[in-house]
Amino acid sequence: MSKSRIAAVDVGNDSLKAIFGKLDYELNIPNVIARDIEDRPVIGIEELNQKNPLEGIHIKVHSPALNDNNVIYRVGDLATKSDNATELDPGSSKSEEDQTLVMLFASLALDAVREENASVFTRNQNVIDANYILGTGLPLREVKEGKDAGYKAQLLGSVHQVEFLVTPKYQGLKVNIKFSDVKIYPEGFAAFINLVMDNDLNIINKELIDKRILIQDIGGLSTDIAVIKNRNVDDDKAQGFNLGVSEALEQIREEIRMKYGVELDSRSDVVDIITKKHDRNHIMVKGSRTSVHDITDRILFDLAKKQYRLLRNVWQKNSQTEICYFVGGGAIVLKEYLKTLNNRLDGYNIDFFEDEKESIWMMANAYYKLISDYARRTLKENKSVEKKAIESK
């Protein structure tokens, strides 16, 4: 019988971030999928196994949780090269999209097939049976609407299969995924946990524990503002909004295409242009370095104004707030614009994470802390029950 392995997965709009086991493996995959055929053409097929599997994720997914079952997909980097690539649309619900599940199952399968997990999961010829304890999250708005219960029910109690087709190193392998338990956390609550606690849930930022804090988590499709008071998230005052950065990124991508004839593969490419350390807001046009500052500044400054309005409205309703932390990939994109607005206008006490990786991985890290603690407590309780049962005989 296979053991259960911990998985903490943040299916972000821009990319999926996942942490497995005892912090022994992590994945970052662009959240892009594209329908495909079974025998995708590959140049140099005999050299396929010399390539990185993450650059050629080509899978068939079977799951009763999917609206469209038994479909073949390119995933991640490979999907960005397709004409029919899809990313999550503004206004969609993460918990109700096949794309969320396809990305989730793909990440788990990529972990399960690794040679390092041969002793963890049972393998019968080319079929691997993998069991996970999953920690993941949904936007606050969806949790408040009760969609977390339906999402969890889709995952539990079923077997979800990922078959690797023309994928480097893993071609022909099938992974049957089951969940021994699933915990779904509101994203704002997770951000607070990551802010104040380490991997063992010991308090690391004591100065924040008793402060009144706002955490504005700007994602691709939504923004969550968590209201922290008395060491807890105030569920009544916390709010979720259908406002993220994806629409702005799409607008930038389209304007660059229209003005310069340059096709960017995905929103991730737009983010790279905006946030890279050197030649920020520049692209190459016919071999010449070209500024797109006029496009990015206009579109992102407009979005920053909308995000600032959200902050102002929530702060007014929670007037004793001491500080607001901006987190998430969207906060990195909008950081300079939000700082400029704040200096010009209200001058709130706001802060950002200078470590961009920490901000981007914040949700995955939080889910890992929470699910690891839950697994430890569950194991301890089970051992206690077993001990009492033995003693009573």
Side-chain angles (χ1 to χ4, degrees), residues 4-31 54 94 100 103-104 107-108 110-111 132-140 143 148 181-209 213-220 222-226 228 231-233 238 244-245 268 271 275 323-333 335 351-378:
S4 287
R5 180 165 162 83
I6 285 173
V9 184
D10 170 27
V11 187
N13 176 67
D14 180 58
S15 67
L16 173 145
K17 280 78 63 180
I19 303 169
F20 297 96
K22 295 181 178 178
L23 294 169
D24 53 71
Y25 187 56
E26 63 180 43
L27 278 173
N28 191 343
I29 307 170
N31 188 354
L54 298 184
K94 191 186 286 189
T100 305
M103 292 298 302
L104 171 65
S107 69
L108 296 170
L110 285 163
D111 174 65
Y132 285 94
I133 299 173
L134 174 68
T136 188
L138 289 174
L140 188 64
V143 174
D148 54 327
D181 214 335
V182 174
K183 302 294 281 184
I184 298 172
Y185 306 102
E187 290 175 350
F189 169 66
F192 173 62
I193 291 295
N194 197 66
L195 203 60
V196 299
M197 296 179 178
D198 64 14
N199 285 332
D200 298 315
L201 295 193
N202 296 314
I203 294 169
I204 49 174
N205 284 322
K206 291 182 179 178
E207 70 278 7
L208 295 180
I209 280 293
I213 304 169
L214 298 182
I215 299 176
Q216 188 154 336
D217 175 25
I218 306 173
S222 63
T223 295
D224 284 346
I225 304 184
I228 314 297
R231 305 190 181 197
N232 290 303
V233 176
V245 295
S268 293
V271 173
T275 60
I323 189 169
C324 175
Y325 285 94
F326 283 92
V327 303
I332 292 170
V333 169
K335 179 167 70 172
D351 203 357
F352 295 80
F353 285 87
E354 297 306 322
D355 184 337
E356 292 186 1
K357 182 179 179 184
E358 184 180 0
S359 188
I360 291 169
W361 281 81
M362 178 166 281
M363 291 302 151
N365 285 330
Y367 301 151
Y368 183 82
K369 292 173 184 181
L370 290 162
I371 198 64
S372 298
D373 180 64
Y374 172 76
R376 274 195 299 266
R377 285 187 286 107
T378 303

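- Leu134 CG to Ile184 CD1: the interatomic distance, rounded to the nearest 0.5 Å, is 7.5 Å.
- The side-chain contact (heavy atoms from CB on, under 4.5 Å) test applied to Leu23 returns Ile19, Asn199, Tyr368, not counting sequence neighbours.
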Next on the checklist: side chain to side chain contact (heavy atoms under 4.5 Å, CB included) for Leu104 and Thr136? Distances and angles first, verdict last.
Outcome noted: CA-CA 10 Å; Leu104 171 65; Thr136 188; 5.5 Å; no
Checklist entry - Are Arg5 and Asp24 close enough, and set up right, to give a side chain to side chain contact (heavy atoms under 4.5 Å, CB included), and what steps lead you there? => result CA-CA 11 Å; Arg5 180 165 162 83; Asp24 53 71; 2.6 Å; yes
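- In this structure, CD1 on Ile225 lies 3.5 Å from CD on Gln216, to the nearest 0.5 angstrom.
- A salt bridge between Lys183 and Asp373 is absent, with no side-chain N of the basic residue lying under 4.0 Å from a carboxylate O of the acidic one.
- When all heavy atoms are compared, the tightest approach of Asp351 to Ile323 is CB-CD1, 4.1 Å.
- Taking the side-chain contact (heavy atoms from CB on, under 4.5 Å) definition, one finds that Val333 meets it with Val271, Ile274, Thr275, Leu300, sequence neighbours left out.
- Taking both residues in full, the closest heavy atoms of Ile371 and Gly135 are given as CG1-N, 3.7 Å, listed atom of the first, atom of the second, then distance.
- Between Ala364 and Asp10 the shortest heavy-atom distance is N-CB, 3.9 Å.
- The two residues Ile213 and Tyr325 come nearest to each other via the heavy atoms CG2-CD1, 3.9 Å.
- Under the side-chain contact (heavy atoms from CB on, under 4.5 Å) rule, Tyr132 has a single partner from Asp181, Ile6, Asp111, which is Asp111.
- Shown here for Leu140 and Pro186, the closest heavy-atom pair between the two residues is CD1-CB, 3.9 Å.
- Taking Asp14 as the reference, nothing meets the salt bridge (charged side-chain N to carboxylate O under 4.0 Å, His left out) condition, with sequence neighbours excluded.
- Across every non-hydrogen atom of Pro30 and Ser15, the tightest pair is CA-CB, 3.9 Å.
- Checked by atom type and distance alone, the side chain of Ser4 never pairs as donor or acceptor with a backbone atom of Ile133 at under 3.5 Å.
- If you take CG on Asp217 and CE on Met362, they are separated by 8.5 Å, rounding to the nearest 0.5 Å.
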Checklist entry - Going through the checks in order, is the side chain to side chain contact (heavy atoms under 4.5 Å, CB included) test met by Leu16 and Val9? => result CA-CA 7 Å; Leu16 173 145; Val9 184; 3.6 Å; yes
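- Once rounded to the nearest 0.5 Å, the distance linking OG of Ser107 with CG of Leu54 reads 11.0 Å.
- For Asn31, the side-chain contact (heavy atoms from CB on, under 4.5 Å) partners are Val11, Leu88, Gln99, Met103, not counting sequence neighbours.
- Evaluation of the side chain to side chain donor-acceptor pair (under 3.5 Å) rule for Thr223 yields Gln307 as partners, not counting sequence neighbours.
- Under the 3.5 Å distance criterion, the side-chain polar atoms of Asn13 are left unmatched by any main-chain donor or acceptor of Gly219.
- Phe326 meets the ring pair (Phe, Tyr, Trp, His ring centres under 6.0 Å) test with Phe352; sequence neighbours excluded.
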